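Given the structure is predicted, the values throughout are model-derived calculations rather than measurements.
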Amino acid sequence: MRITMPDSTVIGAAAPRVRFAPSPTGFLHVGSARTFIFNWLYARHNHGTMVLRLDDTDVERNTQASVQSIFDGLRWLGLDWDEEYKQSERLDLHRGQAEAIFAKGLAYRDFTPAHAGDDNQSSSAQGAWLSNPGMRELSREESDRRAAAGETFALRYRVPRGEGRVLRFVDSVYGSQTKLADEVEDFALLRSDGMPTYHLASCVDDADLGISHIIRGQDHLTNTFKHLLIFEALDAPPPQFAHLPLLVAPDGTKLSKRKHGPVVSVTTYRDAGFLPEAFINFLCLLGWSPKDDREFMTLGDLTAAFTLEGVNRANAVVNFSEESPFDAKAVHLNAEHIRALPVERLASCLQPFFEQAGFHATPEKVLAVTQLIRERIKVLREAVGAADFFFAEELAPYDPAELIPQKGDAALARRVLEAAQQVLAATPFDHDSLDKALRDAATQLGLKAGQAFQPIRVAVCGRKNAPPLFETLVVLGRDVCLKRIGQALTKLA
RNA sequence: GGCGCUAUCGUCUAGGGGUUAGGACGUGAGAUUCUCAAUCUCAAAACCCGGGUUCGAUUCCCGGUAGCGCUACCA
């Protein structure tokens with residue numbers, strides 16, 4: 001296959017083909033998302049092809065909801081893929097290849113009933129389990145006879161034994177890896193219900209789809225020896241492997257949906273108001289670095305900088321807790337990306353959050369508000385709480401004591417608010433005019449700006465901490481400001 | 001139990017035979033400011049342990065320890 005690139009260079013067989021192969025057994029979690037991102041970056045950096053393959057051979061555990069959740073997550077990330085497959089639609093290929101392997105004598109039928117759970121303490125005391133007694137040695141005739149009689153069986157790989165065979169591959173991240181074939185157990189290719197196992201289906205598809213690089217979690221590092229054996233039985237050259245360090249929870253264990261819940265789901269980040277670019281940026285810094293001091297990186301920066309050589313070998317902790325479900329660094333990077341976004345784009349990101357909160361949010365107003373809060377929010381969702389008073393018809397109840405400035409009393413607050421009423425009624429409603437008029441008024445009252453502005457700010461916003469006063473007044477408009485100051489005066493009465 | 005992988009501030013990481021071991025987040029202090037943010041400055045904070053190699057190891061080697069992964073007819 002030859003692909004003509006936009007810059008019209010022709011890439012030959014060297015153009016990599018990578019794949020992301022999630023199994024739909026739950027929501028898309030951050031570890032999977034990172035694997036997807038690294039594959040994507042590798043593909044784009046090298047002008048290769050990104051394949052999405054749903055590894056859905058575990059019928060028991062697959063759900064449609066999970067498929068949906070994975071696509072939701074991937075769509076949100078905004079990273080595309082070039083080809084899409086479902087393993088469940090390729091079962092004939094898997095079974096055919098299993099038969100071919102069996103025909104070559106590289107696999108055998110195991111009629112031992114599947115045993116559930118971990119009742120093999122006795123064998124673990126001795127060492128590793130390698131095969132079920134008697135099954136490997138069954139003659140072809142005997143095996144055929146029992147199969148014909150309707151006995152169910154699993155198909156197992158006949159791992160080379162007693163030859164001292166060394167299995168070897170060079171991992172792009174972990175370097176040279178070797179293992180004695182004698183230590184690899186006779187793993188299953190086909191289950192007794194005829195369904196392919198993950199190992200078989202995955203390798204058959206990787207070979208068939210011409211995958212050149214397998215970039216996946218380190219939990220598969222030792223499985224790779226089995227996969228080498230399968231590729232060999234398939235007469236297919238093994239792809240290049242690159243294993244990624246695992247993402248772990250603060251307790252050190254691998255991130256899991258079961259154990260850690262929705263805090264590891266991609267959609268949780270989306271709903272909290274992370275920007276996809278920020279989320280991707282954060283995930284990339286877990287187990288990879290550009291080897292310079294850059295941390296804030298756009299998708300373009302990441303694509304340009306990403307190499308497998310830059311991947312680390314040690315597991316990375318995603319630092320979340322009960323109190324703060326998001327890693328502080330993720331939050332910080334998100335705030336940076338929020339500030340880097342053009343206001344118009346940020347405003348349209350904020351729009352749905354405001355609408356969801358039930359605000360009457362016209363695009364014009366949202367744009368004006370966005371300018372005032374963009375340095376004050378770290379995740380989009382916070383905008384709702386930070387800007388509610390811009391949209392509310394009536395201010396939420398607040399403590400009138402807030403109206404009283406430091407070293408002042410209620411009488412002082414009243415004087416300030418009354419002066420403000422006059423000024424606001426008579427001054428053109430723009431930033432500079434209000435700035436001058438309000439400062440002059442403060443001077444006349446013999447007050448410092450801070451003292452004078454607090455009552456006004458609280459009257460108008462219903463809280464002490466808010467965006468700068470004059471901009472806020474302008475966005476709110478004269479009528480609303482005067483009305484709220486009037487209400488504040490009644491509170492002080 | 002067996003096999004494998006890993007080990008630098010609390011966290012993410014840079015670095016590498018001789019360095020004041022660098023950056024970022026977080027934390028603390030200060031500056032600035034109409035509050036809050038943002039911004040800026042400063043501070044505290046790390047080479048798992050033991051051997052070896054070497055003039056010299058945090059860096060290379062071995063051992064230990066710890067953590068993680070795999071050890072399913074899950075993926």
Side-chain angles (χ1 to χ4, degrees), chain A residues 21-25 55-58 60-61 110 112-118 120-130 152-156 171 174 177-180 183-185 187-199 201-202 217-226 243 245-246 248 250 252-254 282 285-296 312-319 324 327-333 335 339 372-378 386 405 435 438-439 442 448-454 456-458 461 463-470:
Chain A
S23 54
T25 56
D55 278 9
D56 54 351
T57 54
D58 187 356
E60 308 275 292
R61 294 167 62 210
D110 182 351
T112 313
H115 66 275
D118 40 13
N120 51 354
Q121 256 80 18
S122 53
S123 65
S124 68
Q126 262 82 51
W129 171 91
L130 291 176
T152 62
F153 59 86
L155 192 70
R156 288 188 184 280
D171 189 273
Y174 288 91
Q177 303 292 316
T178 56
K179 185 165 182 164
L180 250 22
E183 287 168 349
V184 177
E185 74 279 7
F187 54 94
L189 262 17
L190 247 30
R191 301 177 213 165
S192 47
D193 62 2
M195 288 295 283
T197 61
Y198 159 77
H199 300 301
S202 177
Q218 193 235 44
D219 46 349
H220 284 299
L221 190 62
T222 41
N223 283 334
T224 304
F225 297 105
K226 296 171 193 166
H243 288 88
L246 262 22
V248 299
T253 59
K254 178 164 92 156
F282 167 65
L285 263 15
L286 257 22
W288 173 85
S289 92
K291 310 303 176 199
D292 52 34
D293 285 339
R294 279 184 298 168
E295 295 218 320
F296 175 91
N312 298 126
R313 285 182 285 270
N315 291 170
V317 175
V318 181
N319 213 355
S324 41
D327 192 307
K329 195 147 200 168
V331 174
H332 175 261
L333 281 169
R339 276 180 257 129
L372 298 188
I373 61 169
R374 69 135 130 210
E375 280 178 356
R376 272 158 266 265
I377 57 171
K378 292 183 187 301
D435 187 331
L438 252 12
R439 281 186 199 279
K448 289 206 275 194
Q451 275 180 302
F453 294 168
Q454 180 179 333
I456 307 174
R457 171 177 294 109
V458 174
C461 305
R463 69 180 69 152
K464 279 187 188 167
N465 298 339
L469 187 58
F470 314 123

- Report the base-pairing partner of B/A46 (Watson-Crick or G-U wobble, both distances below 3.5 angstrom), or none. none
- Task: Please report, rounded to the nearest Å, how far the P atom of B/G15 is from the CG atom of A/Asp293.
- Result: 10 Å
Give every pair of a protein N or O atom and an N or O atom of nucleotides 3-6 of chain B that lie under 3.5 Å apart, one pair per line with the distance.
| residue | atom | partner | partner atom | Å |
| --- | --- | --- | --- | --- |
| B/C3 | O2' | A/Lys179 | NZ | 3.2 |
| B/C5 | O2' | A/Gln218 | NE2 | 2.9 |

- Query: Roughly how many Å is it from CZ in A/Arg61 to P in B/C73, rounded to a whole number?
  - Reply: 14 Å
- Task: Return the 5'-most residue of the pair A/Phe453, A/Pro22 with respect to RNA chain B, ranking by each residue's nearest nucleotide.
- Result: A/Phe453
- Residues forming a side-chain contact (heavy atoms from CB on, under 4.5 Å) with A/Lys448, sequence neighbours excluded: A/Gln451
- Task: Would you kindly give the CD-to-P distance between A/Glu375 and B/U39, to the nearest whole Å?
- Result: 8 Å
- Message: Could you identify the nucleotide paired to B/A29, looking across every strand shown and requiring Watson-Crick or G-U wobble geometry with both distances under 3.5 Å?
- Response: B/U41
- Task: State, yes or no, whether a side-chain contact exists between A/Thr224 and A/Asp171 at a heavy-atom distance under 4.5 Å.
- Result: no
- Query: Contact class for A/Asn312 vs. all strands (heavy atom < 4.0 Å): base, sugar-phosphate, or nothing?
  - Reply: sugar-phosphate
- Task: Just call it for A/His243: base, sugar-phosphate, or nothing, with non-hydrogen atoms closer than 4.0 Å on any strand.
- Result: nothing
Could you go through nucleotides 25-33 of chain B and list every protein N or O atom that sits under 3.5 Å from one of its N or O atoms, giving the distance for each pair?
| residue | atom | partner | partner atom | Å |
| --- | --- | --- | --- | --- |
| B/C25 | O2' | A/Lys329 | N | 3.3 |

- Among the nucleotides B/C73, B/C70, B/U35, whichever has the atom closest to the side chain of A/Lys254 is B/C70
- Using a cut-off of 4.0 Å on non-hydrogen atoms, how would the nucleic acid contact of A/Arg339 be classed: base, sugar-phosphate, or nothing? sugar-phosphate
- Item | Watson-Crick or G-U wobble mate for B/C60, both contacts under 3.5 Å | B/G52
- Query: Using a cut-off of less than 4.0 Å, is there contact between a side-chain N or O of A/Asn223 and OP1 or OP2 of B/G69?
  - Reply: no
- Task: Can you tell me the distance, in whole Å, between the CG atom of A/Leu190 and the C1' atom of B/C73?
- Result: 9 Å
- Please work out if A/Pro250 contacts a base, only the sugar-phosphate, or nothing of the nucleic acid, heavy-atom cut-off 4.0 Å. nothing
- Which whole number of Å gives the distance between the P atom of B/A24 and that of B/C61? 31 Å
- Hey, does A/Gly287 reach any base, or is it just sugar-phosphate, or nothing, if we go heavy atoms under 4.0 Å? sugar-phosphate
- Message: Need the pair for B/C68. Rule: Watson-Crick or G-U wobble, both distances under 3.5 Å, any strand; none if unpaired.
- Response: B/G4
- Query: Heavy-atom distance under 4.5 Å between the side chains of A/Lys329 and A/Asn319, does that happen here?
  - Reply: no
- Item | Distance, nearest 0.5 Å, that separates NZ of A/Lys254 from CG of A/Asp219 | 4.0 Å
- When rounded to the nearest Å, what value does the distance between P atoms of B/C60 and B/U8 take? 13 Å
- Among the nucleotides B/U11, B/C34, B/U13, whichever has the atom closest to the side chain of A/Ala449 is B/C34
- With no hydrogens and no angle check, is any side-chain donor or acceptor of A/Asp110 less than 3.5 Å from a backbone partner on A/Thr112? yes
- Item | Nucleotide opposite B/C34 in a Watson-Crick or G-U pair, distances under 3.5 Å | none
- Query: With sugar-phosphate meaning primed atoms plus P, OP1 and OP2, does A/Leu246 contact a base, only sugar-phosphate, or nothing at under 4.0 Å between heavy atoms?
  - Reply: sugar-phosphate
- Message: Need one value for A/Thr25: base, sugar-phosphate or nothing, where a base atom within 4.0 Å counts as base even if backbone is also close, heavy atoms only.
- Response: nothing
- Task: Locate the shortest heavy-atom distance separating A/Gln177 from A/Leu221; write the atom from each residue and the value.
- Result: OE1-CD2, 4.1 Å
- Query: In Watson-Crick or G-U wobble terms, both distances under 3.5 Å, what is the partner of B/C9?
  - Reply: none
- Note on the structure: Sequence neighbours excluded, the answer for side-chain hydrogen bond (donor to acceptor under 3.5 Å, both in side chains) partners of A/Asp435 is A/Arg439
- A/Lys226 with A/Glu185: basic N within carboxylate O range, under 4.0 Å: yes
- Query: Roughly how many Å is it from CG in A/Leu189 to C1' in B/C74, rounded to a whole number?
  - Reply: 16 Å
- Query: Using the C1' atom in both, what is the distance from B/U35 to B/U11, to the nearest Å?
  - Reply: 32 Å
- Note on the structure: Hits for ring-ring contact (aromatic ring centres under 6.0 Å, His included) against A/His332, two or more places apart or cross-chain, chain-then-number order -> none
- Could you tell me the separation between the CD atom of A/Glu185 and the P atom of B/G2, rounded to a whole number of Å? 16 Å
- note: A/His199, atom NE2; B/U71, atom C1'; distance rounded to Å ~ 10 Å
- Message: Expressed as a whole number of angstroms, how long is the span from A/Lys464:NZ to B/A37:P?
- Response: 13 Å
- Rounding to the closest angstrom, what is the interatomic distance between B/U54 and B/G67 at atom C1'? 31 Å
- Item | Out of B/C70, B/U13, B/C73, whichever nucleotide has its closest atom nearest the side chain of A/Ala114 | B/C73
- Message: Which label fits A/His199 and A/Phe187: parallel for a plane angle under 30°, tilted from 30 to 60°, or perpendicular past 60°?
- Response: perpendicular
- Item | Short side-chain N/O contact to B/C73 OP1/OP2 from A/Arg156, under 4.0 Å | yes
- Message: Can you identify which nucleotide, out of B/C73, B/U11, B/C12, has its nearest atom closest to the A/Ala188 side chain?
- Response: B/C73
- Task: Sort out the partner of B/A21 for me: Watson-Crick or G-U wobble, both distances under 3.5 Å, none otherwise.
- Result: none
- Using a 4.0 Å heavy-atom cut-off across all strands, classify A/Ser23 as base, sugar-phosphate, or nothing. sugar-phosphate
- Item | Residues forming a side-chain contact (heavy atoms from CB on, under 4.5 Å) with A/Thr222, sequence neighbours excluded | none
- Message: Quick check: on RNA chain B, is the nucleotide nearest A/Leu285 upstream (toward 5') of the one nearest A/Thr197, or the reverse? Name the residue that is more 5'.
- Response: A/Leu285
- Message: I want to check something: taking the side chain as every heavy atom from C-beta on, are A/Tyr198 and A/His220 in contact at a cut-off of under 4.5 Å?
- Response: yes
